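Each remark here refers to the structure printed beneath this line.
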2 protein chains.
Amino acid sequence: MPKNCNFIEKLREVGLRPTKQRIKMCEVLYNREKTFHFTINDLVKLLSEKMNQKISLATVYNTVHAFEKKGYLKEISIDSHKSYFDTNTSAHHHFFDEDTHELIDCDESDIDKINIRKNITGKKINSVEVLVRVASDNQTQK
Amino acid sequence: MPKNCNFIEKLREVGLRPTKQRIKMCEVLYNREKTFHFTINDLVKLLSEKMNQKISLATVYNTVHAFEKKGYLKEISIDSHKSYFDTNTSAHHHFFDEDTHELIDCDESDIDKINIRKNITGKKINSVEVLVRVASDNQTQK
DNA sequence: AATCTACATTATAATAATTCTAAACTGTTG
DNA sequence: CAACAGTTTAGAATTATTATAATGTAGATT
Ligand SMILES: [Mn+2]
Ligand SMILES: [Mn+2]
Ligand SMILES: [Zn+2]
Ligand SMILES: [Zn+2]
């Protein structure tokens with residue numbers, strides 16, 4: 001979803017009613033320079049602290065999943081104990097900082113195209129994603 | 001952990017008391033031809049149905065995490081709603097069948113070595129893992 | 001502009017996965 | 001065979017997520 005676009009139109013395009021809550025959520029998620037990663041809790045905090053919007057937890061869940069289904073968000077699995085979402089919905093790889101629990105996007109140029117030589121009969125490849133886990137260097141040696 | 005090895009010794013080696021429950025769990029997990037993937041629920045079922053062992057859920061969780069910490073199991077993140085564990089603790093990649101929710105190991109030869117060109121200051125790479133999501137082919141076209 | 005209706009929001013309850021607690025139990029050491 | 005530290009256990013607590021059902025609202029219809 002592009003920055004500063006007409007969110008009302010964008011929502012209508014995919015058959016979602018442009019309600020107050022959904023528009024606010026679009027503003028928080030998409031009116032920024034760069035795409036970003038968040039958990040549901042991050043998002044609830046952003047909405048209440050930065051935007052002064054109290055949106056019920058159920059609505060945040062519903063809306064995030066609605067946006068996901070419509071292709072405006074992507075869910076990222078890193079940690080089985082927490083769901084991360086990504087406003088960058090294009091195919092891309094990630095670094096995950098195990099110290100800060102922060103997700104960082106890889107550029108195209110950071111990792112070569114992955115070539116899959118195996119193929120599973122009757123199955124098509126939906127996605128190929130690389131996760132690079134990193135952590136502070138100064139633990140193991142001084 | 002090798003098949004049919006002396007689990008009592010193996011447990012002692014890493015400072016875990018070889019209790020009945022832990023030994024049974026070793027047998028279920030490691031006395032088989034191939035490594036495999038499981039969820040906590042799978043494991044509880046295996047123990048109760050195949051082995052006729054009633055081990056409390058808390059102990060299964062504790063033991064799986066103890067084995068994980070000692071490097072005898074690895075946790076795999078695929079689906080933020082469920083934890084998968086792997087008895088294959090070497091670095092390897094996975095296919096995930098989105099129809100059956102089954103994890104399949106990749107061989108070395110299936111995917112070329114991944115070359116990471118970016119490096120994050122002060123951070124070292126702990127792991128590089130590829131997840132290939134596959135699904136039935138006969139959905140989109142006849 | 002008032003009314004209608006399908007869809008959305010909300011508070012709250014329910015469920016599921018996981019972790020915690022504290023008492024009973026057991027492997028090891030001497 | 002004590003004694004003790006570590007382990008198991010049932011059940012409670014916690015956390016993340018989803019379901020429910022009453023209320024609200026966007027957008028169409030009069
Ligand atoms: Mn989800
Ligand atoms: Mn875990
Ligand atoms: Zn991303
Ligand atoms: Zn595996």
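Note that the structure is a prediction, hence the values are computed from the model and not measured. So you know, we letter chains A, B, ... as the sequences are listed, proteins then strands, and number each from 1.
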Just jot down the salt bridge (Lys or Arg N to Asp or Glu O under 4.0 Å) partners of A:Glu102, sequence neighbours excluded, or say none.
none
Can you get from A:Val134 to A:Val130 by hopping between Ile, Leu, Val, Met, Phe, Trp and Tyr side chains that sit under 4.5 Å apart?
yes
Just wondering, do A:Leu73 and A:Val64 contact through their side chains at under 4.5 Å, heavy atoms?
yes
Integer-rounded Å distance: D:dG27 C1' and A:Glu9 CD:
15 Å
Is any NZ, NE, NH1 or NH2 atom of the basic residue among B:Asp112 and A:Arg117 found under 4.0 Å from an Asp or Glu carboxylate oxygen of the other?
yes
Within less than 4.0 Å of OP1 or OP2 of D:dT17, is there a side-chain N or O belonging to A:Ser83?
yes
Closest to the B:Ser56 side chain, choosing from D:dT18, C:dT19, D:dA10:
D:dA10
Below the 4.0 Å mark, does D:dT18 have OP1 or OP2 next to a side-chain nitrogen or oxygen of A:Tyr61?
no
Can you get from B:Phe36 to B:Phe7 by hopping between Ile, Leu, Val, Met, Phe, Trp and Tyr side chains that sit under 4.5 Å apart?
yes
Figure out the CZ/P separation between B:Phe85 and C:dA17, and round it to whole Å.
13 Å
For B:Asn62 and B:Thr59, which I'm curious about, is there any donor-acceptor pair between the side chains at under 3.5 Å?
no
In terms of the angle between their ring planes, are B:Tyr72 and B:Tyr30 parallel, tilted or perpendicular, with boundaries placed at 30° and 60°?
perpendicular
Between D:dT7 (C1') and B:Lys24 (NZ): distance, integer Å
18 Å
Given atom CD of B:Gln53 and atom C1' of D:dT9, what is their separation to the nearest angstrom?
14 Å
Whole angstrom is fine here: how far is it from CG in A:Leu16 over to C1' in D:dT25?
16 Å
Remember a base hit wins even if backbone is also touched, and classify A:Leu57 as base, sugar-phosphate or nothing at under 4.0 Å, heavy atoms.
base
Tell me whether the OP1 or OP2 atom of D:dT18 has a side-chain N or O from A:His65 closer than 4.0 Å.
yes
Using side-chain hydrogen bond (donor to acceptor under 3.5 Å, both in side chains) as the criterion, list what pairs up with B:Glu33, not counting sequence neighbours.
B:Lys3
Per-helix bend value, the helix from C:dA1-D:dT30 to C:dG30-D:dC1, C1' rotation axes over five pairs per end, 10° rounding, shows 20°
Please list each protein N or O that sits under 3.5 Å from an N or O in nucleotides 1-3 of chain D, with the distance.
none

Any link between A:Phe85 and A:Met1 through a network of hydrophobic side chains (Ile, Leu, Val, Met, Phe, Trp, Tyr) touching at under 4.5 Å?
yes
Using 30° and 60° as the class boundaries, would you call the ring planes of A:His101 and A:Phe96 parallel, tilted or perpendicular?
tilted
Which is more 5' along DNA chain C, the nucleotide nearest A:Thr63 or the one nearest B:Lys82? Just name the residue.
A:Thr63
Is it true that A:Leu131 and B:Val132 fall in one hydrophobic cluster, defined by side-chain heavy atoms closer than 4.5 Å?
no
Distance alone, cut at 3.5 Å: any donor-acceptor contact between the side chains of A:Asp86 and A:His94?
yes
Give the rounded distance in Å between these two atoms: CD of A:Glu75 and C1' of D:dT17.
11 Å
Are B:Ile120 and A:Ile76 linked, directly or through other ILVMFWY residues, by side chains that come within less than 4.5 angstrom of each other?
no
If a protein heavy atom is under 4.0 Å from the base, mark B; if only from the sugar-phosphate, S; if neither, -; do that for nucleotides 20-30 of chain C going 5' to 3'.
B-----BBS--
What are the atom names and distances for every N/O pair under 3.5 Å that joins the protein to nucleotides 28-30 of chain D?
none

Between D:dA10 (C1') and B:Ile55 (CD1): distance, integer Å
15 Å
From A:Leu29 CG over to A:Thr87 OG1, what is the distance, rounded to the nearest 0.5 angstrom?
7.0 Å
